[in-house]
Colleague: 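A single structure is presented below for examination.
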Amino acid sequence: MEPRFEESPGQRPVASPADGPRRRRRARRGSTGATIDRVAAAAGVSRATVSRVMNGSPTVAPELAARVRAAAEALRYRPNAVARSLALGRTGTVSLIVPDLADPMLQDVLRGLSQAAAVRGYRLLVAESNEDAEQESILAVEARRHSDGLVLASSRMPEPALRALAAQLSPLVLLNRELPDLDVPSLSVDYAAGVRLIVSHLLALGHRHLAYLAGPPASASHLERVAALRAAAGTHGFRLTELACGATFEDGHGAAAAVIGTGASAVVAYNDMVACGALSALLARGVAVPGDVSVTGFDDIPFARYTTPPLTTVSIPKNELGRQAWDRLWALLNGEPSGHGVPFQPRLLVR
């Protein structure tokens with residue numbers, strides 16, 4: 001069944017011919033009863049200037065905009081949200097599509113994006129694709145129809161499919177995914193650099209056989225991680241065993257027996273959730289961590305520091321990713337340059 005985005009339930013009144021003028025009069029008033037005309041008179045500007053300032057237009061001179069805001073504040077004027085949306089042709093909503101809402105890393109991204117959008121009076125519509133690329137494409141198109149812009153986080157869509165949809169989804173911002181040679185702003189983490197930090201740390205501890213608990217096959221960040229691991233194995237001459245796993249605590253927990261079977265002395269997990277699952281199962285089987293096997297994660301989710309033992313991981317600026325995604329989407333919504341793609345550098349946290 002295709003997803004539906006519905007308005008709040010409630011019976012709508014039947015319009016009468018007189019409704020039109022009444023609605024227009026209400027639209028000219030703010031939520032406190034003060035009118036746009038009174039604000040314009042108090043600020044000594046035109047109604048159009050007040051409208052542009054209230055709608056966040058960057059075309060008004062700063063001193064005029066400040067004067068209008070001061071007058072609006074003094075009169076306790078608040079623009080009518082419905083009228084503002086009609087005037088701008090906007091919904092006041094943006095959408096975020098994620099592969100897994102249970103992922104704490106994506107929750108932090110969501111929080112950063114939501115808080116930044118709220119400053120501009122925007123609300124956030126969130127949907128989960130459940131790691132399903134086909135469902136993600138359906139959700140993305142449907143969400144874009146009901147919002148002014150879209151952020152795709154860790155998209156699982158194959159590149160040809162994502163390229164084909166990009167124009168239809170515009171304005172679009174990508175997180176943890178890039179489309180080379182396409183004019184779509186993207187924000188990503190240098191996952192290869194993070195892997196190199198982990199490998200250097202483990203090699204310095206004397207490990208020469210690493211087991212990688214692989215992420216979802218369609219994940220671009222997984223592909224970057226495994227490529228970096230293979231390159232490092234070729235350069236430094238350690239043994240690398242790759243184990244199919246996933247992205248959840250349960251996936252990591254279920255991979256513990258396979259880890260033990262490899263004889264590896266260290267685990268490089270796709271993310272912290274996988275690492276925590278593996279850590280729990282290894283300890284339950286009597287395997288000492290880090291005495292027998294070292295375990296490392298990726299992302300630095302909030303409770304990584306509270307595991308037993310605390311988890312060595314790679315930290316990425318999750319909230320900042322969300323805030324930066326909003327900044328770029330806001331620029332696109334206002335016809336401004338969105339800026340270049342930014343690859344964030346991770347930090348190793350040894351615990």
Side-chain angles (χ1 to χ4, degrees), residues 96-114 126 128-129 131 151-156 174-178 186-202 210-229 243 245-253 255 266-280 289 294-325 342-351:
L96 171 68
I97 309 295
V98 300
D100 182 8
L101 272 173
D103 186 339
M105 192 280 284
L106 291 174
Q107 289 173 9
D108 281 345
V109 169
L110 187 159
R111 186 175 297 110
L113 174 58
S114 178
V126 184
E128 175 190 44
S129 67
E131 299 284 355
V151 177
L152 271 181
S154 302
S155 174
R156 303 307 195 222
L174 295 176
L175 281 179
N176 288 335
R177 190 69 188 269
E178 295 181 358
S186 64
L187 297 165
S188 59
V189 175
D190 191 341
Y191 291 104
V195 166
R196 289 192 292 270
L197 290 171
I198 290 172
V199 167
S200 295
H201 172 67
L202 293 174
L210 311 185
Y212 173 55
L213 297 183
S219 165
S221 63
H222 153 68
L223 296 176
E224 288 185 43
R225 287 166 165 86
V226 73
L229 279 167
L243 299 173
C245 188
T248 68
F249 181 94
E250 292 78 10
D251 292 330
H253 198 276
V267 172
V268 179
Y270 166 72
N271 64 15
D272 287 347
M273 292 297 291
V274 169
C276 289
L279 176 62
S280 174
V289 180
S294 291
V295 177
T296 63
F298 210 112
D299 291 340
D300 188 31
I301 61 177
F303 51 82
R305 69 189 67 183
Y306 303 117
T307 58
T308 304
L311 186 65
T312 289
T313 185
V314 168
S315 174
I316 62 176
K318 301 173 283 294
N319 282 79
E320 184 62 21
L321 278 167
R323 288 192 292 269
Q324 292 274 351
V342 177
F344 288 85
Q345 294 302 308
R347 297 183 298 115
L348 179 68
L349 300 178
V350 178
R351 298 186 174 120

Colleague: Please identify each residue that fulfils ring pair (Phe, Tyr, Trp, His ring centres under 6.0 Å) with Tyr191, with sequence neighbours left out.
Modeller: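 Checked Tyr191 against ring pair (Phe, Tyr, Trp, His ring centres under 6.0 Å); matches are Phe298.
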Colleague: List the residues meeting side-chain contact (heavy atoms from CB on, under 4.5 Å) with Gln345, not counting sequence neighbours, and say none if there are none.
Modeller: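 In terms of side-chain contact (heavy atoms from CB on, under 4.5 Å), with neighbours along the sequence ignored, Gln345 is linked to Asp190, Ala193.
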Colleague: What residues, two or more places apart in sequence or in another chain, satisfy side chain to side chain donor-acceptor pair (under 3.5 Å) together with Arg347?
Modeller: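 Partners of Arg347 under the side chain to side chain donor-acceptor pair (under 3.5 Å) test: none.
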Colleague: Is there side-chain contact between Val195 and Val268, with at least one heavy-atom pair below 4.5 Å?
Modeller: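 Result no, sub-4.5 Å side-chain heavy-atom pair not found.
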Colleague: Could you check whether any side-chain heavy atom of Met105 comes within less than 4.5 Å of a side-chain heavy atom of Asn176, counting everything from C-beta outward?
Modeller: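 A side-chain contact exists here, since the closest heavy-atom pair is under 4.5 Å.
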Colleague: Would you say the side chain of Ile198 lies within less than 4.5 Å of the side chain of Leu348, judging by non-hydrogen atoms?
Modeller: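 When only atoms from C-beta onward are counted, Ile198 and Leu348 do touch, with a gap below 4.5 Å.
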Colleague: Can you measure from NE2 (His201) to CG (Leu349) and round to the nearest 0.5 angstrom?
Modeller: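 So the gap between those two atoms works out to 10.5 Å.
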Colleague: Side chain of Asn271, backbone of Met273: donor and acceptor closer than 3.5 Å?
Modeller: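 The answer is yes, because a donor-acceptor pair under 3.5 Å joins these two groups.
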Colleague: Using the side-chain hydrogen bond (donor to acceptor under 3.5 Å, both in side chains) rule, collect all pairs that involve residues 307-318, keeping only residues at least two apart or in two chains.
Modeller: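 Counting only pairs at least two positions apart or across chains, the side-chain hydrogen bond (donor to acceptor under 3.5 Å, both in side chains) contacts touching residues 307-318 are Asp272-Thr313.
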Colleague: Is it true that Ser186 and Ser188 share a donor-acceptor pair across their side chains at a distance under 3.5 Å?
Modeller: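 Note: Ser188 and Ser186 side chains miss the donor-acceptor criterion.
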Colleague: Going by the rule side-chain contact (heavy atoms from CB on, under 4.5 Å), which residues pair with Ala266 if we only count those two or more places apart in sequence or in a different chain?
Modeller: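 Ala266 satisfies side-chain contact (heavy atoms from CB on, under 4.5 Å) with Leu202, His207, Leu210, Ser294 only.
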Colleague: Distance check, rounded to the nearest 0.5 Å: Asp299 atom CG versus Asp103 atom CG?
Modeller: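 CG of Asp103 is found 6.5 Å from CG of Asp299.
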Colleague: Can you see which heavy atom on Pro99 is nearest to which on Ala153, and at what distance?
Modeller: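 The pair with the smallest heavy-atom distance is CD-O, 3.2 Å.
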Colleague: Of the non-hydrogen atoms in Gly252 and Cys245, which two are nearest, and what is the gap between them?
Modeller: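 Scanning both residues completely, I find the closest heavy atoms to be N-SG, 3.8 Å.
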Colleague: Quick one: closest heavy-atom pair of Pro317 and Phe344, and the distance?
Modeller: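 Pro317 and Phe344 have their closest heavy atoms at CG-CD2, 3.5 Å.
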Colleague: At their closest point, which heavy atom of Arg225 faces which heavy atom of Tyr270, and how far apart are they?
Modeller: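 Taking Arg225 first and Tyr270 second, the nearest heavy atoms are NE-O, 3.0 Å.
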Colleague: So how far is it from Asn319 CG to Asp108 CG, rounded to the nearest 0.5 Å?
Modeller: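 CG of Asp108 is found 5.0 Å from CG of Asn319.
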Colleague: Considering residues at least two apart in sequence or located in another chain, which fulfil the side-chain contact (heavy atoms from CB on, under 4.5 Å) criterion with His253?
Modeller: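 Phe249, Ser280, Ala281.
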Colleague: Check Leu187 against Ala325 and note the closest heavy-atom contact, atom names and distance.
Modeller: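 Heavy-atom minimum between the residues: CD1-N, 3.2 Å.
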Colleague: Could you check if a side-chain atom of Leu96 sits within less than 4.5 angstrom of a side-chain atom of Ser114, using non-hydrogen atoms only?
Modeller: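 Of all side-chain heavy-atom pairs linking Ser114 with Leu96, none is under 4.5 Å.
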Colleague: Could you work out, with salt bridge (Lys or Arg N to Asp or Glu O under 4.0 Å) as the rule, every residue matching Glu224, not counting sequence neighbours?
Modeller: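 For Glu224, no residue satisfies salt bridge (Lys or Arg N to Asp or Glu O under 4.0 Å) once neighbours in sequence are set aside.
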Colleague: For Thr296, which residues count as a side chain to side chain donor-acceptor pair (under 3.5 Å) partner, sequence neighbours excluded?
Modeller: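 Once residues adjacent in sequence are excluded, Thr296 has no partner under the side chain to side chain donor-acceptor pair (under 3.5 Å) criterion.
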Colleague: Excluding sequence neighbours, so at least two apart, what forms salt bridge (Lys or Arg N to Asp or Glu O under 4.0 Å) with Glu320?
Modeller: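 Partners of Glu320 under the salt bridge (Lys or Arg N to Asp or Glu O under 4.0 Å) test: Arg323.
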Colleague: Got a donor-acceptor contact below 3.5 angstrom from the Arg177 side chain to the Ser155 backbone?
Modeller: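 Pair found, side chain donor or acceptor close to backbone of Ser155.
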Colleague: Would you call Ser154 and Asp100 a side-chain contact if the rule is heavy atoms closer than 4.5 Å?
Modeller: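 Sidechains of Asp100 and Ser154: no contact.
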Colleague: Side chains of Leu279 and Pro309, heavy atoms from C-beta outward: is any pair under 4.5 Å?
Modeller: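 Leu279 vs Pro309: side chains touch.
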Colleague: Run the side-chain contact (heavy atoms from CB on, under 4.5 Å) test against Leu101 and tell me which residues pass, sequence neighbours left out.
Modeller: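 So Leu101 forms a side-chain contact (heavy atoms from CB on, under 4.5 Å) with Val98, Leu110, Val126, Glu128.
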Colleague: If you round to the nearest 0.5 Å, how far is CG of Leu106 from CG of Leu113?
Modeller: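 So the gap between those two atoms works out to 11.5 Å.
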Colleague: Got a sec, which residues hit side chain to side chain donor-acceptor pair (under 3.5 Å) with Asp251, two or more places apart in sequence or on another chain?
Modeller: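 Residues passing side chain to side chain donor-acceptor pair (under 3.5 Å) with Asp251: Thr248.
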Colleague: Going by salt bridge (Lys or Arg N to Asp or Glu O under 4.0 Å), name the pairs with one or both residues in residues 301-312, residues two or more places apart or in two chains.
Modeller: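 Every candidate salt bridge (Lys or Arg N to Asp or Glu O under 4.0 Å) pair involving residues 301-312 fails, so no pair, neighbours aside, qualifies.
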Colleague: Mind listing the closest non-hydrogen atom pair of Leu197 and Pro346 along with its distance?
Modeller: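 Nearest pair, atom of Leu197 first, then Pro346: CD1-O, 3.8 Å.
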Colleague: Rounded to the nearest 0.5 Å, how far apart are OH of Tyr212 and NE2 of His222?
Modeller: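 It is 5.0 Å, given to the nearest 0.5 Å.
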